[in-house]
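Only one structure is covered here, and it is reproduced in the block below.
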Amino acid sequence: MPELPDVEDARRFLAAHTVGQRVERVEASAPEIVRNTTVQGLGRSLVGHRFEQPRRHGKWLLAATDGPIVVLHLGMTGSLRWSGPAEEPDAHDRVVFVLERGKLRLHMPRKFGGVWLAAGPESLEEITGPLGTDAAEVTRSELGALLERRRGGLKSALMDQRLLAGVGNLVADEVLWQAGLHPARAARQLDDLEVDGLHAALRRVLEHSVGHGRVPRHDGWLTGVRDLHDPACPRCGTRLEKATVAGRTTWFCPSCQG
DNA sequence: TCAGTTGTTTATAT
DNA sequence: AATATAAACAACTG
């Protein structure tokens with residue numbers, strides 16, 4: 001499920017379980033998940049190093065050690081799990097970091113996402129590509145400035161990781177619905193009030209979702225109805241419309257987001 | 001059997 | 001140069 005809130009949850013999980021522990025061994029049942037080195041190379045570089053405080057930028061998880069940085073992307077189905085040292089990983093635990101007191105397992109049924117190794121902060125960008133400000137941190141004026149410079153639609157702008165890092169399909173739809181803005185509106189054509197509303201909705205959705213550990217399926221939110229059979233707008237009751245915008249399935253209210 | 005899916009990348013088109 | 005779109009990636013669900 002990973003969008004920014006899920007990755008932030010994974011970051012906290014990593015902080016709670018791994019910080020201060022030394023790597024003893026690295027195993028992979030799906031070695032192709034290790035992207036810019038081999039499983040052996042990962043082991044050689046990491047064994048003996050201790051995990052430090054992990055960071056997150058957009059949907060990228062940066063697990064620093066007192067040596068290199070382990071870079072993780074959870075793709076569409078990834079999550080982190082922790083188990084005792086004796087427990088055997090299950091079939092979808094693609095990469096396992098054996099630490100002093102247990103095993104950190106990258107559980108990932110679909111093999112999108114992966115594990116990279118960065119020598120230091122300077123080499124992160126070659127792995128992640130250029131990333132904009134983290135969506136949870138962006139200021140009102142920053143958001144306004146980048147939308148002004150952007151041609152094309154609003155949803156595609158929000159989901160462009162180079163502009164704003166961390167917004168995925170669910171968050172984009174939720175934010176646009178809460179702000180009452182049509183996903184295909186021209187990004188540069190919002191007035192000041194609309195940018196205010198968009199920024200407020202972005203902050204609200206991300207703050208609430210991060211507190212929840214994922215994008216919640218709440219009553220009164222678009223996410224609470226979008227998977228139903230024939231969803232209606234929680235605000236006005238109008239039947240929601242489904243369209244493909246920015247290449248993704250998009251739900252919106254033709255009345256509130258006209 | 002076929003379409004759909006919360007992520008990114010690549011190729012191609014505009 | 002930017003932006004949009006479709007396909008590909010892998011595995012599962014309905």
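The structure presented is a predicted model; accordingly, all values stated were derived computationally and were not measured. Worth knowing before you read on, the calculation uses all heavy atoms, side chains too, and leaves out hydrogens, waters and symmetry mates. Just so it is clear: chains get the letters A, B, ... in the order the sequence lines come, proteins before strands, and each one is counted from 1.
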Exercise. Find the distance A:L146:CG to C:dT3:C1' and express it as a whole number of Å.
Key: 15 Å

Quiz prompt | Atom-pair distance (CG on A:L158; P on B:dG7), nearest Å | solution = 13 Å

Touch check for [X], heavy atoms < 4.0 angstrom, all strands: base, sugar-phosphate only, or nothing?
{"X": "A:S156", "value": "sugar-phosphate"}
{"X": "A:G113", "value": "nothing"}
{"X": "A:R94", "value": "sugar-phosphate"}

Quiz item: Among B:dT5, B:dG7, C:dT3, which nucleotide sits nearest the side chain of A:R151?
Solution: C:dT3

Quiz item: Which listed nucleotide (C:dT3, C:dA11, B:dT5) is nearest to the side chain of A:M76?
Solution: B:dT5

Quiz item: Does the side-chain ring of A:F112 sit on the six-membered ring of the C:dC9 base, less than 5.5 Å centre to centre and under 30° in tilt?
Solution: yes

Please state whether the phosphate of [N], meaning OP1 or OP2, lies under 4.0 angstrom from any side-chain nitrogen or oxygen of [X].
{"X": "A:R150", "N": "C:dA4", "answer": "yes"}
{"X": "A:T77", "N": "B:dT6", "answer": "no"}
{"X": "A:R248", "N": "B:dT6", "answer": "yes"}

Quiz item: How does protein reach along nucleotides 9-14 of chain B, written 5' to 3' as B (base within reach of a heavy atom under 4.0 Å), S (only sugar-phosphate), or - (no contact)?
Solution: ------

Quiz prompt | Dot-bracket line, read 5' to 3' along DNA chain C, where crossing pairs take [ ] and | marks a partner on another strand, Watson-Crick or G-U under 3.5 Å | solution = .||||||||.||||

Self-check item: Aromatic ring pairing A:H17/A:W82, orientation class (parallel under 30°, perpendicular over 60°, tilted between)
Solution: parallel

Quiz prompt | Any side-chain heavy-atom pair of A:L106 and A:L74 under 4.5 Å | solution = yes

Quiz item: For the side-chain hydrogen bond (donor to acceptor under 3.5 Å, both in side chains) test, which of A:R22, A:H49, A:R50 pairs with A:D66?
Solution: A:H49

Quiz item: Salt bridge check: are A:R105 and A:D90 linked by an N-O gap of less than 4.0 Å?
Solution: no

